[in-house]
Amino acid sequence: MLESIHSPSDVKRLNSTQTRQLCDELRTFLVRSVAKTGGHLASNLGVVELTVAIHRVFDTSRDRLVFDVGHQCYVHKILTGRREQMDTLRQFGGLSGFPKPYESVHDAFMAGHASNSVSVALGMAKARTMRHENYDVIALIGDGALGGGLSFEGLNNAGASGEPMIVILNDNGMSIAPNVGAVSRHLSRLRTKPGYYEFKKRYRQLLGNGPVGGKLYHVSHDIKTALKKTLLPDSSMFESMGFSYMGPVDGHDVEALTQSLQWAREQRCPVLLHVRTVKGKGYSPAEERPADYHGVSPFDPATGKPLRTAKMDFSHVFGQELTALAGEDGRVCAITAAMQEGTGLTEFARKYPDRLFDVGIAEGHAVSMAGGMAKQGLVPVFAVYSSFLQRGYDQLLQDVALDGLHVVLGVDRAGLVGADGETHHGCFDALYLSQVPHMTVLCPASFAELRQMLRRAVLELTGPVAVRYPRGGEGAYQDCCGNETFTQVRPGADCTILTYGVLINEALAAAELLHEAGVETRVVKLNAIAPLDGNVVLAALGSEKRLLVLEDCVGSGCVGQRLTAILAQCGRMPERLILKNLGDTIPCHGTVPQLYAQCGLDAASVAAALKEACHEQ
């Protein structure tokens with residue numbers, strides 16, 4: 001059946017039996033495909049029937065389907081003509097693991113972060129109305145993303161607007177880890193008695209739209225409202241926002257989903273359709289351990305076991321050291337935004353459950369809460385992915401920096417992250433963290449330096465401190481030289497490479513290539529990129545003739561530009577200055593080495609640039 005599906009129009013032609021068969025085949029295909037490429041498995045297994053139903057009712061080449069977060073789009077990609085490309089998923093030059101409009105007209109909006117779908121969908125609905133166009137707008141949001149504050153801003157405005165749109169709430173009790181908070185508890189209580197909506201449908205058909213029916217409708221409105229409150233006492237949160245609430249619907253009954261979506265489309269008002277699904281549905285390892293199968297590396301589909309043995313990485317080293325620090329100082333506590341395992345805090349949670357706070361997908365709240373904890377004498381450490389911390393920038397300024405509070409940030413996934421691509425690269429934190437007043441930004445290049453710098457951040461420094469480190473493991477550089485602002489890692493008289501973090505490995509490899517070509521290269525590693533003291537910079541750089549600054553962040557406001565300004569003000573500009581960074585582009589997805597090569601940050605590109613500079617003289 002699946003091989004006959006080349007576009008959504010093929011899905012619409014299926015009968016009920018064929019549709020159920022398609023769902024079964026999609027699950028089998030997903031497991032086999034993701035087992036080869038890696039990716040987000042459990043979330044996609046949970047939305048098979050829902051995605052099929054959406055494509056039976058809507059035309060996503062015209063109707064706008066906005067995903068939130070977006071990692072659950074694999075079935076959508078398969079049904080919209082990309083099945084044969086799934087073996088390239090998350091590979092360099094292949095399909096993205098998230099919706100990307102440059103891939104297909106069926107991808108309405110680039111997605112990768114949580115809680116924005118309702119706001120985006122409302123914007124699209126308003127544009128449709130203002131331009132007098134005719135298409136439907138659907139936001140697909142999970143209950144984990146619903147806990148983010150932005151989702152409530154969107155719901156509040158969308159409900160009040162009256163714009164016809166559908167918000168599908170995919171309620172599986174999880175984001176990556178099990179959901180926390182009052183919203184999750186509210187959703188767990190919502191239960192719809194089917195009789196209410198069947199009554200409502202027949203009620204409208206009976207009264208019709210004529211003048212007599214209209215009068216009867218108004219007369220009976222109070223009776224209908226009382227009935228609804230009796231049958232749906234807990235749905236008032238969404239109803240009060242202005243939504244017509246429907247559900248919960250069995251998210252694995254494709255016929256019921258199709259009928260519910262058709263009815264929701266007919267309402268011509270803001271509708272919230274509550275769908276209950278099982279994350280990992282149909283693949284027992286993922287159903288039993290959905291958090292483990294949220295994002296997976298290649299695995300054996302027969303057993304569910306990974307094909308590669310997990311190696312020590314920066315996240316686990318961070319978690320180990322923070323756990324040790326918590327044992328030494330009772331003020332130390334940890335905060336996560338629904339990323340306990342991903343940020344290495346599993347052992348911390350086991351040993352100190354009363355000092356681990358999971359706030360859900362709410363990074364801004366996490367930063368403000370950390371500020372309050374620090375003000376009252378605790379030492380909060382917020383472990384967060386670099387690209388997700390962007391959502392807490394305002395709070396960093398207002399609730400931490402202005403009072404100089406000692407909040408420690410464990411900035412995971414700094415730099416290029418690989419297969420997750422544009423929405424997840426940590427290519428901005430080196431810029432925006434350096435802008436925060438009183439902020440110290442430390443950049444370990446090895447496991448040993450991470451332990452040393454985290455210890456220093458927690459126990460020695462004051463004010464806000466960020467310790468930024470990459471995804472994955474350490475490279476050839478495994479020394480520990482992190483106490484000073486900068487370290488000369490290799491001497492050389494012909495040119496200088498200055499870098500920070502794990503790019504030191506590319507710098508040292510480039511220096512070796514240059515040595516083989518007869519060019520002796522000095523390599524300097526910055527251990528802290530903020531604050532940047534002018535005297536320290538001058539001491540670190542001396543009187544370089546040829547200087548290359550290597551960074552895996554965007555160019556505007558990067559460390560290289562800040563260094564250039566200091567050198568220019570002091571009249572110490574080198575004869576040749578090369579800034580190697582991402583410029584004004586954000587790389588796509590692929591392995592980190594592939595992306596380094598594409599962006600000219602790899603050892604060969606660095607060596608070639610400096611060799612050319614040396615030959616210019």
Side-chain angles (χ1 to χ4, degrees), residues 176-177 180 291 310-360 362-363 365-367 369-374 376-386 388-389 392 396 400 405-415 426 429 433 439-474 478 480 482-483 501-502 527-528:
I176 294 173
V180 296
K311 297 181 179 179
M312 183 64 69
D313 59 21
F314 278 92
S315 301
H316 287 94
V317 172
F318 168 85
Q320 288 176 349
E321 190 63 24
L322 186 60
T323 303
L325 288 166
E328 299 173 25
D329 190 331
R331 300 174 302 154
V332 174
C333 52
I335 302 172
T336 178
M339 298 297 295
Q340 175 180 304
E341 184 174 354
T343 55
L345 294 177
T346 302
E347 178 64 13
F348 188 104
R350 188 186 67 80
K351 291 194 70 173
Y352 304 107
D354 296 335
R355 291 155 66 183
L356 185 284
F357 304 96
D358 187 345
V359 301
E363 289 81 4
H365 161 63
V367 173
M369 188 177 82
M373 296 168 87
Q376 297 308 114
L378 296 179
V379 182
V381 181
F382 179 25
V384 59
Y385 288 5
S386 168
F388 297 165
L389 180 58
L396 283 174
V400 174
L405 298 173
H406 186 208
V407 170
V408 178
L409 304 172
V411 186
D412 203 329
R413 270 65 167 176
D429 69 271
L433 289 174
M439 177 72 76
T440 299
V441 182
L442 305 177
C443 305
S446 66
F447 293 164
E449 286 186 352
L450 174 55
R451 293 188 180 96
Q452 180 190 68
M453 290 183 181
L454 181 59
R455 181 165 290 272
R456 181 178 166 212
V458 171
L459 300 181
E460 299 176 17
L461 294 176
T462 59
V465 186
V467 183
R468 62 185 307 273
Y469 45 93
R471 181 179 188 176
E474 61 185 355
Q478 298 179 7
C480 187
N483 276 328
V502 292
N527 300 316

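The two residues Ala338 and Asp358 make their nearest non-hydrogen contact at N-OD1, 2.9 Å. For the residue pair Ala370 and Pro380, the shortest heavy atom distance occurs at O-CG, 3.3 Å. Nearest heavy atom pair, residue Gly371 against residue Val400, reads CA-CG2, 4.4 Å. The two residues Gly501 and Ala445 make their nearest non-hydrogen contact at O-CB, 3.3 Å. Contact between Pro470 and Val502 at its shortest, heavy atoms only, is CG-CG1, 3.5 Å.
The line from CG of Leu409 to CG of Leu396 is 6.0 Å long, rounded to the nearest 0.5 Å. Rounding to the nearest 0.5 Å gives a distance of 13.0 Å between CD1 of Ile335 and CZ of Arg355. With values rounded to the nearest 0.5 angstrom, Cys333 atom SG is found 3.0 Å from Met373 atom CE. Note that CG of Leu378 is 8.5 Å distant from CZ of Arg331, once rounded to the nearest 0.5 Å. Here the straight-line distance linking atom CG of Asp429 with atom CZ of Arg468 works out to 4.0 Å at 0.5 Å rounding. A distance of 3.0 Å separates CE of Met339 from OH of Tyr385, quoted to the nearest 0.5 Å.
The side-chain heavy atoms of Thr323 and Lys351, taken from C-beta on, include a pair separated by under 4.5 Å. Contact annotation: the side chain of Val467 approaches that of Pro444 to within less than 4.5 Å [non-hydrogen atoms, C-beta and beyond]. Side-chain contact between Leu345 and Leu356 is present, with at least one heavy-atom pair separated by less than 4.5 Å.
Taking the six-membered ring where the residue is Trp, Tyr469 and Phe314 present parallel rings, their angle staying beneath 30° rather than reaching 60°.
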Result block: side-chain N/O donor-acceptor pairs under 3.5 angstrom for residues 452-460, not counting sequence neighbours:
{"from": "Gln452", "atom 1": "OE1", "to": "Gly482", "atom 2": "N", "distance (Å)": "3.0"}
{"from": "Gln452", "atom 1": "OE1", "to": "Asn483", "atom 2": "N", "distance (Å)": "3.4"}
{"from": "Arg455", "atom 1": "NE", "to": "Glu321", "atom 2": "OE2", "distance (Å)": "3.1"}
{"from": "Arg455", "atom 1": "NH1", "to": "Glu328", "atom 2": "OE1", "distance (Å)": "2.9"}
{"from": "Arg455", "atom 1": "NH1", "to": "Glu328", "atom 2": "OE2", "distance (Å)": "3.2"}
{"from": "Arg455", "atom 1": "NH2", "to": "Glu321", "atom 2": "OE2", "distance (Å)": "2.9"}
{"from": "Arg455", "atom 1": "NH2", "to": "Glu328", "atom 2": "OE2", "distance (Å)": "2.9"}

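Remark: Glu449 pairs with Tyr477, Lys525 by the side chain to side chain donor-acceptor pair (under 3.5 Å) rule, at least two apart or across chains. By the ring-ring contact (aromatic ring centres under 6.0 Å, His included) test, Tyr352 is found to be paired with Phe348, residues two or more places apart in sequence or in another chain being considered. For Gln478, the side chain to side chain contact (heavy atoms under 4.5 Å, CB included) partners are Glu474, not counting sequence neighbours. Partners of His316 according to the side chain to side chain donor-acceptor pair (under 3.5 Å) rule, which considers only residues two or more places apart in sequence or in another chain, are Asp313. Partners of Asp412 under the side chain to side chain donor-acceptor pair (under 3.5 Å) rule, at least two apart in sequence or in another chain, are Ser315.
Each of Val408, Thr336, Leu389, Val359 was compared with Phe382 under the side-chain contact (heavy atoms from CB on, under 4.5 Å) criterion, and only Leu389 meets it. When the options Val465, Val441, Thr440 are evaluated for a side-chain contact (heavy atoms from CB on, under 4.5 Å) with Leu433, the one that passes is Val441.
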Requested in this report: Any chance you could lay out the side-chain contact (heavy atoms from CB on, under 4.5 Å) test for Thr346 and Glu341, step after step, and finish with the verdict?
Outcome: CA-CA 5 Å; Thr346 302; Glu341 184 174 354; 3.9 Å; yes
Query raised in the report: Run the side-chain contact (heavy atoms from CB on, under 4.5 Å) check on Phe318 and Val411 step by step: do they pass?
Result: CA-CA 10 Å; Phe318 168 85; Val411 186; over 6 Å; no
